[in-house]
Amino acid sequence: RGWSPYMATEYLVIKELRLGDYHRAVGGGDEWYASSPYLEIAGGIIPNNIAYYVDGEEFTATTLKLVMNVYEPQVSQEARQKFIEIGRLLLVKALNNEMPHEIETHLLSEIDITIQLNSKEVSVSKELWPEHRLDGYALTLVIQNTARQESEASD
């Protein structure tokens with residue numbers, strides 16, 4: 001169904017992404033989550049940064065999300081390389097799988113994609129910030145359990 005939330009919160013500690021407690025979301029019913037503080041990557045007045053999120057239910061994490069916020073795209077190369085490095089580790093820890101070439105290619109080119117890998121959905125998405133004066137954006141790598149979604153769809 002997913003991952004142990006307590007294990008998932010430890011996956012990226014070695015990369016300086018230490019999550020807070022895994023706890024019930026305010027007003028979220030059965031939704032639980034944990035998030036890391038931003039890991040700032042050198043560059044610009046407002047540093048580009050990376051954060052890690054774990055979402056799910058009380059005893060099962062169902063979504064692992066790595067987000068890179070790019071405030072100054074012209075100085076984002078170091079952040080992008082760090083993001084890919086951390087993403088590789090997350091895939092190894094979460095799926096016991098190396099990063100597929102197509103995922104790495106889409107991360108480098110910042111183009112959306114979704115694939116199935118080890119019965120999980122792995123996706124890359126880019127969200128532009130239209131009002132940002134320097135054309136900032138967020139790039140996200142998500143690993144999500146699809147078994148729960150499929151069982152709910154068949155109910």
Side-chain angles (χ1 to χ4, degrees), residues 1-25 28 31-129 132 134-146 148:
R1 291 181 24 122
W3 301 269
S4 158
Y6 306 101
M7 289 180 65
T9 60
E10 296 293 317
Y11 286 164
L12 301 179
V13 168
I14 193 168
K15 296 294 182 179
E16 301 177 50
L17 288 168
R18 184 175 302 279
L19 277 73
D21 292 335
Y22 187 73
H23 59 279
R24 185 184 308 273
E31 295 176 30
W32 287 61
Y33 77 100
S35 61
S36 73
Y38 294 115
L39 173 62
E40 293 184 348
I41 310 298
I45 295 170
I46 301 174
N48 300 318
N49 61 56
I50 298 171
Y52 174 47
Y53 304 89
V54 173
D55 299 312
E57 301 164 353
E58 184 175 6
F59 300 108
T60 307
T62 56
T63 303
L64 311 178
K65 185 179 349 180
L66 190 63
V67 179
M68 176 178 64
N69 294 304
V70 177
Y71 295 98
E72 294 190 41
Q74 63 277 17
V75 291
S76 66
Q77 186 61 30
E78 183 180 347
R80 187 177 301 109
Q81 290 304 317
K82 184 81 169 171
F83 185 71
I84 291 170
E85 174 188 321
I86 295 169
R88 283 187 189 119
L89 178 61
L90 183 58
L91 281 160
V92 166
K93 295 283 191 174
L95 301 177
N96 198 26
N97 206 93
E98 297 294 320
M99 181 178 283
H101 178 71
E102 60 191 318
I103 291 294
E104 185 163 347
T105 299
H106 280 74
L107 284 171
L108 285 167
S109 58
E110 299 179 345
I111 297 174
D112 295 4
I113 187 175
T114 301
I115 66 168
Q116 295 295 314
L117 184 63
N118 296 352
S119 74
K120 305 288 189 255
E121 186 176 274
V122 179
S123 63
V124 172
S125 62
K126 181 177 182 178
E127 177 189 350
L128 300 174
W129 302 333
H132 193 268
L134 298 174
D135 298 323
Y137 60 91
L139 187 65
T140 305
L141 173 65
V142 175
I143 305 170
Q144 187 167 351
N145 182 47
T146 55
R148 179 178 171 216

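Just so it is clear, the model here is predicted, and its values are computed rather than measured.
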At what distance, to the nearest 0.5 angstrom, does CD1 of Ile103 lie from CG of Leu141?
-> 7.0 Å
With distance as the sole test, does Asn48 use its side chain to make a donor-acceptor pair with the main-chain N or O of Val75 at under 3.5 Å?
-> yes
Using a cut-off of 6.0 Å, state whether more than 12 heavy atoms not belonging to Glu98 lie near its atom CD.
-> no
Rounded to the nearest 0.5 Å, what separation is found between the CZ atom of Phe83 and the CG atom of Leu139?
-> 4.5 Å
Identify which one of Leu91, Val122, Thr105, Ile113 satisfies the side-chain contact (heavy atoms from CB on, under 4.5 Å) criterion when paired with Pro100.
-> Leu91
Asp21 CG: over 12 foreign heavy atoms closer than 6.0 Å = no
Could you tell me which non-hydrogen atom of Tyr6 sits nearest to which non-hydrogen atom of Glu58, and how far apart they are?
-> OH-O, 4.2 Å
side-chain contact (heavy atoms from CB on, under 4.5 Å) with Leu39: of Lys15, Met68, Lys82, only one passes, and it is Lys82
So do the side chains of Tyr33 and His23 get within less than 4.5 Å of each other, counting heavy atoms only?
-> yes
Heavy-atom distance under 4.5 Å between the side chains of Leu107 and Met99, does that happen here?
-> yes
With Ile41, the side-chain contact (heavy atoms from CB on, under 4.5 Å) member among Glu78, Gln77, Arg80 = Glu78
Output the distance between atom CD1 (Ile46) and atom NE2 (His132), rounded to the nearest 0.5 Å.
-> 6.0 Å
Hey, does the side chain of Thr63 reach the backbone of Gly56 with a donor-acceptor pair shorter than 3.5 angstrom?
-> no
Any Glu72 side-chain heavy atom under 4.5 Å of Asp135 side chain | no
Compare every heavy atom of Ala34 with every heavy atom of Gly20, then report the nearest pair and how far apart it is.
-> O-CB, 3.6 Å
More than 12 foreign heavy atoms under 6.0 Å from CD of Glu16: is that the case here?
-> no
Tell me, yes or no, whether the heavy-atom count around Phe59 atom CZ, taken from other residues, nucleotides or ligands under 6.0 Å, exceeds 12.
-> no
Once you round to the nearest 0.5 Å, how far does CG of Leu64 lie from OH of Tyr11?
-> 6.5 Å
Mind checking whether Glu121 and Thr114 have side chains closer than 4.5 Å, heavy atoms only?
-> yes
Spacing of OG belonging to Ser125 relative to CD belonging to Glu110, to within rounding of 0.5 Å | 11.0 Å
Enter the distance from Tyr52:OH to Ser35:OG here, rounded to the nearest 0.5 Å.
-> 11.5 Å
Arg18 to Pro37 - nearest heavy-atom pair and separation | O-CD, 3.2 Å
Taking all non-hydrogen atoms of both residues into account, name the closest pair between Tyr22 and Ala61 and its distance.
-> OH-CA, 4.0 Å
Are any of the side-chain heavy atoms of Val67 and Tyr38 separated by less than 4.5 Å?
-> no
If you draw a 6.0 Å radius around CD1 in Ile14, do more than 12 non-hydrogen atoms from other residues or ligands fall strictly inside?
-> no
Where Ser36 and Ala51 come nearest, the two heavy atoms and their spacing | OG-CA, 3.5 Å
Among Val142, Ile143, Leu17, whose side-chain contact (heavy atoms from CB on, under 4.5 Å) with Leu66 holds?
-> Leu17
Step-by-step side-chain contact (heavy atoms from CB on, under 4.5 Å) determination, Thr140 to Lys65 = CA-CA 7 Å; Thr140 305; Lys65 185 179 349 180; 3.5 Å; yes
Stepwise, does the side-chain contact (heavy atoms from CB on, under 4.5 Å) test hold for Glu31 with Asp55?
-> CA-CA 7 Å; Glu31 295 176 30; Asp55 299 312; over 6 Å; no
Count the heavy atoms of every other residue, nucleotide or ligand shown that sit under 6.0 Å from NZ of Lys126, and state whether that count exceeds 12.
-> yes
Dump the intermediate steps for ring-ring contact (aromatic ring centres under 6.0 Å, His included) on Tyr71 and Trp129, then the final yes or no.
-> CA-CA 9 Å; Tyr71 295 98; Trp129 302 333; 5.2 Å; yes
Using a 4.5 Å cut-off on heavy atoms from C-beta on, say whether the side chain of Arg88 contacts that of Glu104.
-> yes
Heavy-atom closest pair, residues Ser76 and Val70 = CB-CG1, 3.7 Å
